[in-house]
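Structure first, then comments.
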2 protein chains.
Amino acid sequence: MLTERQLLILRAIIDDYIQTAQPVGSRTLSKRDDLSFSSATIRNDMADLEDLGLIEKPHTSAGRIPSEIGYRYYVDHLVETKIIDERETYHLGERLRASAQESEVLIRQAADLLSDLTNYTTVALGPNSQMNRLARIDLMPLDERRGVVLIVTDQGHVEHRTVVFESPMAPDLVEQTIRFLNDRLKGTPLGQLKFRIGEEVSNLRLAHQEQFEFMMQLIQSTVGVQHPASLYLGGKKNIFNQPEFQTLDTLRPFLEWIDEQERLTDWLESLPNREIYVSIGSENGIVALQNCSVITSDYTLDGQTFGTIAMIGPTRMDYRHGVQMMGQIIEALRRTKLEE
Amino acid sequence: MLTERQLLILRAIIDDYIQTAQPVGSRTLSKRDDLSFSSATIRNDMADLEDLGLIEKPHTSAGRIPSEIGYRYYVDHLVETKIIDERETYHLGERLRASAQESEVLIRQAADLLSDLTNYTTVALGPNSQMNRLARIDLMPLDERRGVVLIVTDQGHVEHRTVVFESPMAPDLVEQTIRFLNDRLKGTPLGQLKFRIGEEVSNLRLAHQEQFEFMMQLIQSTVGVQHPASLYLGGKKNIFNQPEFQTLDTLRPFLEWIDEQERLTDWLESLPNREIYVSIGSENGIVALQNCSVITSDYTLDGQTFGTIAMIGPTRMDYRHGVQMMGQIIEALRRTKLEE
DNA sequence: ATTAGCACTCATATTTACTGAGTGCTAATC
DNA sequence: GATTAGCACTCAGTAAATATGAGTGCTAAT
């Protein structure tokens, strides 16, 4: 169990290190106003903290830096979560609202905003359209053999794909098909669309059966394409200002990792479903993020569950401020109404 | 005027430097099979080439490196452009065709392919939709006050935007409006759409005039949004393997520049309209590309003018190979038919 | 015109010594 | 018993001192 003073010292070391990125020595600490002990006393406590694995030294004659365990302790015990500053939240809400009623634009803005506030990199995952329900499907002919399949969901999300038919489309057949699809499939979650179309088709015989089936098959293959959820990156540049990323060895893996959209999406989707979750250094299990910490949170927009937002900084990140800003942003998003 | 031998030496220096990224000395050159002169002779010629500004030395006791003027000379006189290897082009065409009939996917693939072939970074600008002509416009209601404006062009390109009305939409008014818009505007280039709608509206009075005008205004503001042409980046990672980008000072400006989508688009659009164009170092007038050269080309797809593709490498890039691959790719694209 | 020879230059690597911020331990002090 | 002063020790980082060697330009011989 930590004594009051040890706690004070641990906190001071981490706060100091977060600011300076330099190992913190006992003499530096003893000069602080809130630590009126001699450097020797502090050294003794530091030795204890090191025995507990909370801090460590890069080499014999250096000061101490927090270990991952130390950060963990700091985050769990010394950072107060979820203090919503009403005025601030309102202010952020205003900045978001100013932008758009289009949810995708809004998410992008939120990601940018969060990275501006913290100077870390942010990643936001938009809603997974697989959960959206079909509002309408349509096939717009471009010329006699090409057309665009349009799928609009209840959330205003649009997917489209160009299709090419073997032979010229018969206008009445197209109309018939589309009406049929709309009648039967309205309200179907996009994820089930492909399956449902197959189901419906087998239930039915029509006049131009052969052409009809071909068309259905085409549409079916089209809607089956898994469109990845939209992904937004904010403040990628910020990484360049972090002292721990001033060498290629550290910078390169990070940049390569963050540019890999697909992997990034998978990662965000695999995160535990919580309000605000902090994952420190090796905890997040990604080699490229060994020296990073991540603050993630699911967010809701206009009341509905929506997606995930993550903030990525060095392990030496300002957890207090980061957690607070993340809280404000998701609160601001929750309160944002999509319609004016 | 350069002597035969000087030409040989210049070529050798550049070829060598392109490979090794190290200054080339006279002794190294004299050991080459194609240069059977003593190092002293070569030194004399090198001095002449330096007087002409074609090569330079980083410092007194180093070998020579090509100057920008040297590269320019090399590109203009020593690189044979446009040698299409039929088999190779066919092969590339196959690799592209395998991917899709969707033009946007195809362009992305072409960018990736080109960067794979050369190990440089590529940027491809898709067609500017402003030139596309309206095939159909539609408004799909989501609920009584929200709807999605859909714009489909003759090229199968789709734009959409969610709009929110002040009051519930009257179905017949919507239908009337949309029919009106389609009748009058089919075939209008997207870029002129906003203006044309305003024009049409002022020509017309309708029953529910007030609501109608409001709706039109909304649609007008929607179609007026300048959607940037689609931009694809290939092989961004490749830069990490270039020896001249192993320090943050050189790497950072490049990465920051290449991540700025909007600026990148403007730049590509501003490039001179040619088949294959090489721009060396400071020639391209962009600070972040001081140490880079760019091979650009407009490309056509399925016969139609389409967009621009660019390949970015260090000034010390393999111009011969780069130009050749660029030629192959745009040729392969030209021959690609969009429909199966 | 070409080449051998040589003095000279200068980036780079290696060695060496020095500095100073930090530690751990011990003995004195509160 | 807890705190602190004192001191020997460690070690990264810097700076100066010293090779090393790849390259040059010039001159005189071929």
Side-chain angles (χ1 to χ4, degrees), chain A residues 1-10 12-14 16-17 19-32 34-67 70 243-244 246-247 249-250, chain B residues 1-10 12-14 16-17 19-32 34-67 70 243-244 246-247 249-250:
Chain A
M1 195 46 209
L2 295 181
T3 67
E4 195 68 25
R5 194 177 58 207
Q6 285 170 337
L7 226 84
L8 223 56
I9 291 174
L10 176 59
I13 290 175
I14 300 186
D16 200 287
Y17 186 67
Q19 283 242 322
T20 65
Q22 295 298 321
V24 188
S26 54
R27 230 175 81 82
T28 316
L29 286 176
S30 78
K31 271 184 277 187
R32 288 175 62 128
D34 55 339
L35 287 178
S36 51
F37 316 99
S38 82
S39 64
T41 310
I42 292 175
R43 273 202 293 284
N44 288 333
D45 278 337
M46 282 166 103
D48 292 348
L49 291 171
E50 187 171 2
D51 287 343
L52 291 168
L54 293 165
I55 56 180
E56 55 198 21
K57 39 187 174 182
H59 58 86
T60 337
S61 70
R64 301 303 211 290
I65 61 175
S67 69
E244 34 271 275
Q246 295 300 308
T247 68
D249 296 339
T250 49
Chain B
M1 197 47 210
L2 295 182
T3 67
E4 195 67 26
R5 194 177 57 208
Q6 285 170 338
L7 225 84
L8 223 56
I9 291 175
L10 176 60
I13 290 175
I14 299 185
D16 200 286
Y17 186 67
Q19 284 244 322
T20 65
Q22 294 299 322
V24 188
S26 54
R27 229 177 82 81
T28 316
L29 286 177
S30 78
K31 271 185 277 186
R32 287 176 62 127
D34 54 341
L35 289 177
S36 52
F37 317 98
S38 81
S39 63
T41 311
I42 292 176
R43 273 204 293 287
N44 289 332
D45 278 337
M46 282 167 103
D48 292 348
L49 289 172
E50 187 171 3
D51 287 343
L52 291 169
L54 293 166
I55 56 179
E56 55 198 20
K57 39 186 171 180
H59 59 85
T60 337
S61 70
R64 302 305 212 291
I65 61 175
S67 69
E244 34 272 275
Q246 295 301 308
T247 68
D249 296 340
T250 49

Report yes or no: do B/Ser39 and B/Arg27 form a side-chain donor-acceptor pair below 3.5 Å?
no
As its Watson-Crick or G-U partner within any shown strand, both distances under 3.5 Å, D/dA28 has C/dT3
Which one is paired to C/dA11, where only Watson-Crick or G-U wobble pairs with both distances under 3.5 angstrom count?
D/dT20
What about A/Arg43, does its side chain sit under 3.5 Å from the base of D/dG6 through a donor-acceptor pair?
yes
Counting only distance, no hydrogens or angles, is the base of D/dT10 paired donor-acceptor with the side chain of A/Thr60 under 3.5 Å?
no
Can you measure A/Leu49 atom CG to C/dT23 atom C1' for me and round it to whole angstrom units?
15 Å
Round to a whole Å and report the spacing from CD of A/Gln22 to P of D/dA12.
15 Å
Counting any heavy atom closer than 4.0 Å, what does A/Ala62 reach on the DNA or RNA strands: base, sugar-phosphate only, or nothing?
sugar-phosphate
Heavy atoms from C-beta onward define the side chain here; which of [options] lies closest to that of [X]?
| X | options | value |
| --- | --- | --- |
| B/Ala40 | D/dA5, D/dT3, C/dA4 | C/dA4 |
| B/Met46 | C/dG24, D/dG23, D/dT24 | D/dT24 |
| A/Phe37 | C/dT23, D/dT4, C/dT3 | D/dT4 |
| A/His59 | D/dG23, C/dT2, D/dC11 | D/dC11 |
| B/Ser61 | C/dT9, C/dG22, C/dT3 | C/dT9 |

Would you kindly compare B/Arg5 and B/Pro58 by the position of their nearest DNA chain C nucleotide and give the one closer to the 5′ end?
B/Arg5
For a quick test of reading the model: is some side-chain N or O of B/Ser38 closer than 4.0 Å to OP1 or OP2 of C/dT3?
yes
Are the side chain of [X] and the backbone N or O of [Y] linked by a donor-acceptor pair below 3.5 Å?
| X | Y | value |
| --- | --- | --- |
| A/Ser67 | A/Leu54 | yes |
| A/Thr41 | A/Phe37 | no |
| B/Gln19 | B/Asp16 | no |

